[in-house]
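Data first, discussion second: the structure below is written as structure tokens.
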Amino acid sequence: MPLSWNEIKDRALSFSKEWADTFIEDADAKPFLDAFFYVFGVTRKKIATFEHKVKKLDHHDGYIDLLWKGTLLVEMKSKGKNLDKAYQQAKEYLQGIKQHELPQYILISDFQHFRLYDYETGDMHSFTLGDFVNHIQHFGFIAGYIKRVFKEQDPVNIKAANLMGKLHDRLKEIGYTGHALELYLVRLLFCLFAEDTTIFEKDLLFDFITDRTAEDGSDLAARLSELFYVLNTPEEKRLKNIDNQLNQFPYVNGKLFEETLPPASFDTAMRNTLLECCSLNWGSISPAIFGSMFQSVMNPTERRNLGAHYTSEKNILKIIKPLFLDELLKEFEVVKSNKNKLAEFHKKLSELKFLDPACGCGNFLIISYRELRLLEIEIIRQRLKLEGIRQEVAREAQMNVNYLVQCDVDMMYGIEYEEFPAQIAQVAMWLMDHQMNMAISQEFGQYFVRLPLKKSAKIVHADALQTDWGTVVSKTDLSYILGNPPFIGSKIMKQSQRDEIVKLLDNVDGSGTLDYVTGWYIKAAKYIQDTTIKVAFVSTNSIVQGEQTSILWGQMLNKYNITIHFAHRTFKWRNEAKGNAAVYCVIIGLANFETNNKYIYEYDDIKGDAHEIKAKNINPYLVDAKNILIEKKSNPICNVPKMNFGNMPLDGGNLLFSDAEKDEFILKEPDAEKYIKPLISAYEFLNGEKRWCLWLLNAEPSELKKMPEVLKRVELVKKFRLNSVAPSTQKFAATPTLFRDRNQPETFIVIPRVSSENRPYIPIGFFDKNSIVSDTCMSIPNAIPYQFGILTSTMHMAWVKSICGRLKSDFRYSKDIVYNNYPWPLNPTDKQKQAIENAAQNVLDARALFPNSSLADLYHPLTMPPVLAKAHQALDKAVDLAYRPQPFTTDANRMEFLFALYEQYTADLFAVLKPKKKKLT
């Protein structure tokens with residue numbers, strides 16, 4: 001048990017004023033350092049060695065004055081010596097230390113002056129012996145008060161996970177598998193954390209394995225079985241003649257060590273791996289991060305990209321801050337000066353309950369719990385202040401910390417489909433609880449540990465979509481639901497998963513096209529009826545764009561009266577792991593009651609940080625506008641030309657040519673040249689490349705018979721279509737000379753169906769009947785410059801960003817959702833139309849100034865020519881004025897206006913959604 005800070009302070013005063021003089025006079029480092037460790041209640045020889053031999057870069061032997069492997073290196077010099085040189089010498093010693101034994105701290109001293117270097121934070125603390133008492137907090141790591149700076153992608157996390165992966169693989173290889181293997185590893189995980197976080201005495205596990213097991217590992221499994229039994233047995237019930245070293249392990253309880261597992265087996269390499277695990281500083285590893293990394297280790301394919309599967313703390317805070325933390329912090333500021341109200345607030349905090357119905361390794365619950373405990377420390381500090389008890393007095397009085405702390409892990413609930421992460425989540429919650437208990441100990445000077453474990457988070461191993469959440473936690477007790485449900489798109493779902501979603505949505509039309517995450521939204525909406533429970537989920541942005549939006553939110557708004565309280569618009573949900581795939585997400589906070597406090601978090605750069613916007617209402621497209629749902633329409637809502645799909649060849653590539661293939665073909669078949677036309681495909685259109693097609697519409701049969709190379713390709717088309725398993729394709733074998741679609745208007749506008757989200761505008765273009773548009777583009781036949789101007793404006797882009805579906809993050813333009821629902825200017829004047837046409841022509845003219853640049857080059861945000869940018873700005877102004885005289889300052893302004901205009905255009909087609917709202921909060 002660590003000394004209290006008050007005791008350490010007394011010893012530090014004695015050390016600097018009484019004991020040290022003797023050692024300084026003799027310049028004897030060994031007794032000096034033994035006394036230094038004694039200040040912090042630690043026996044030096046149990047953890048650190050003097051004169052540790054290392055091989056220096058010059059291949060000569062060096063001797064470190066003191067080395068505590070993995071933690072501290074000390075280099076002592078006689079009084080008045082140069083400490084800079086001493087530090088350089090210490091750094092040279094690092095080259096000869098094994099990677100897993102490298103210290104976090106280096107201490108340099110000449111008996112009178114001290115410098116402590118922290119290699120994790122980069123900090124350096126310098127002080128004199130006389131001032132030692134004022135710097136003892138920097139040495140809390142010796143006493144067991146561990147300062148932690150968690151890094152989301154710290155190498156120690158990856159090394160720890162890889163070592164555990166090696167153990168996992170070897171145990172599995174010898175036949176130790178399934179539930180037993182997973183629980184065995186979770187127990188080892190707990191023990192490793194416990195050894196470095198004061199649950200166990202420092203190096204207790206390491207010494208037990210080193211001293212009490214054979215080097216060949218033959219008896220290690222048996223000794224670990226004994227250890228697991230001891231950890232589950234109260235001290236008073238243990239055998240009287242138990243091994244003394246084994247008996248030093250505390251009673252843990254918590255049911256973690258309750259189940260009797262089948263015996264495992266170890267060899268020399270496995271024992272060494274476990275010892276190497278013990279050598280790492282597990283106190284510097286965050287349970288919130290490591291849990292998911294540890295889970296990924298169990299899957300060899302995921303292990304190749306280790307670190308890509310946890311959710312970063314920064315992203316978790318995007319949910320918990322607006323869901324509950326910001327509100328609690330504000331309430332604390334309001335009540336902190338009132339003793340009674342503060343006590344009530346503390347009680348309220350401790351009674352909150354949280355559910356993550358897709359909890360994985362518990363990241364969201366762990367970070368939520370940590371933030372609550374940190375707030376509780378602030379509350380306790382303030383309560384002592386209001387009671388007139390100074391913190392120093394509280395320490396000296398050794399106040400009952402257990403009485404002060406009210407929050408415990410049983411406020412957290414989770415549901416997880418896989419057993420192993422569910423086990424990790426429960427253990428990780430204990431570990432975070434202990435870390436927060438250490439923070440309490442450091443704050444108030446009394447060692448506080450919850451052993452044996454009496455409470456635990458309730459993590460249920462079950463299918464969340466098939467489980468009654470009320471059996472996990474009653475909705476009358478629950479405060480918040482949060483989490484990160486599975487990112488599984490509709491197209492890759494298993495049939496069983498699709499059936500679950502359809503059933504949850506009561507077979508509503510279109511429910512079979514929804515992503516898997518929508519099941520959690522519907523399940524939560526049903527569960528929170530007639531409660532004040534707040535919910536927040538991370539989701540792929542597909543549920544607020546494209547056709548899924550009206551299907552899901554039609555139910556959420558109409559059937560379950562759900563109100564969106566806050567929302568993060570599309571951003572990249574990722575961590576910094578090398579090679580990990582980013583997912584484009586939104587966060588939606590909702591409830592079954594109204595509120596005056598609604599906020600949208602907007603990202604100017606989806607890779608950057610958000611800015612907060614106060615909203616009157618947040619609709620399903622995460623726009624401050626009425627709750628209008630955009631459904632598929634077969635015709636435009638405005639009087640504009642219809643949009644068509646491009647022409648699908650359905651030819652197996654036999655009617656298509658690259659530049660080189662076209663030239664080669666014409667050499668063989670010169671008469672075919674008049675039938676070869678430019679093919680406008682999205683990629684080639686955007687990147688300035690050429691593609692060609694055989695367009696045999698209206699070709700005379702007699703001419704075709706004279707072109708054998710053409711007939712060969714026609715024959716291949718026929719075979720391709722006949723061999724298809726789809727009857728709809730087979731029927732087109734009857735017309736093998738033709739594309740499946742044959743749209744060839746006199747003139748037309750081309751819009752790529754997929755375009756990069758990085759471009760400020762979707763590049764579109766004009767073509768005539770001598771070019772054939774492919775099915776990778778949409779086309780508007782016989783269009784005019786006015787329509788081109790509207791569609792290539794910022795106004796239209798605002799609509800696209802909010803309404804269209806996405807392919808990854810790229811825009812996926814749709815005629816039925818985006819174009820047919822787009823509200824064009826209402827009754828623009830001839831002058832306004834002419835201004836738009838003139839500005840549109842200026843955009844085309846500006847493009848023409850750069851004949852050697854592709855549209856991708858011209859519309860890249862870094863290479864867009866100023867003349868083109870200026871032309872677009874003029875066009876934007878002309879389009880904006882056709883909508884209203886007042887300028888639009890943001891896309892949010894534009895969408896508010898467009899939704900109102902949409903409502904005006906479609907007033908006779910549908911009723912604006914007006915669900916009943918409960919009272920404001």
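The figures that follow rest on heavy atoms only: side chains count, while hydrogens, waters and symmetry mates do not. Numbers here simply count residues along the sequence, with the first being 1.
- Here the shortest heavy-atom pairing between Glu226 and Arg223 reads OE2-NE, 2.6 Å.
- Taking the centre of each ring, Phe139 and Tyr105 stay at or above the 6.0 Å mark.
- Classification of the Phe257-Phe190 ring pair by plane angle, with boundaries at 30° and 60°, yields perpendicular.
- Between Lys81 and Asp110 there is no salt bridge, since none of the side-chain N atoms of the basic residue sits less than 4.0 Å from a carboxylate O of the acidic one.
- Remark: Lys53 NZ is loosely packed, at most 12 non-hydrogen atoms of other residues, nucleotides or ligands lying under 6.0 Å away.
- The distance between the ring centers of Phe200 and Phe193 does not fall below 6.0 angstrom.
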Between Arg271 and Asp219, is the salt bridge (charged side-chain N to carboxylate O under 4.0 Å, His left out) condition met? List the steps. CA-CA 10 Å; Arg271 180 179 182 271; Asp219 61 348; over 6 Å; no
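- Taking the ring axis of Phe50 as reference, the NZ or CZ atom of Arg44 stays within 45° of it and closer than 6.0 Å to the ring centre.
- Between the side chains of Gln88 and Lys85, no donor N or O sits under 3.5 Å from an acceptor N or O.
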What do the steps show when you test Arg373 against Asp433 for salt bridge (charged side-chain N to carboxylate O under 4.0 Å, His left out), and what is the final call? CA-CA 8 Å; Arg373 289 293 302 273; Asp433 180 62; 2.7 Å; yes
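- A side chain to side chain donor-acceptor pair (under 3.5 Å) with Glu376 is found for exactly one of Gln406, Arg381, His346, namely His346.
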When you look at Leu129 and Phe111, which way does the side chain to side chain contact (heavy atoms under 4.5 Å, CB included) test go after all the steps? CA-CA 7 Å; Leu129 178 63; Phe111 294 89; over 6 Å; no
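- A pairwise comparison of heavy atoms in Tyr176 and Pro263 identifies CE1-O, 3.5 Å as the closest pair.
- When each of His135, His113, His138 is tested with His125 by the rule ring-ring contact (aromatic ring centres under 6.0 Å, His included), just one qualifies, namely His138.
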When you look at Leu171 and Met270, which way does the side chain to side chain contact (heavy atoms under 4.5 Å, CB included) test go after all the steps? CA-CA 9 Å; Leu171 285 166; Met270 295 166 73; 3.6 Å; yes
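- Cys361 and Ala428 make their closest contact through O-CB, 4.4 Å (heavy atoms, listed as atom of the first residue, atom of the second, distance).
- Between Glu75 and Ala86, the shortest heavy-atom distance links the atoms CG-O, 3.9 Å.
- Classified by interplanar angle (parallel below 30°, tilted 30° to 60°, perpendicular above 60°), the ring pair Phe114/Phe36 is parallel.
- Contact detail for Ile380 and Leu404: the closest heavy-atom pair is CD1-O, 3.5 Å.
- Ala90 and Ile108 get closest at one heavy-atom pair: CB-CD1, 3.9 Å.
- A cation-pi contact, defined as under 6.0 Å to the ring centre and within 45° of the axis, links Arg187 to Phe228.
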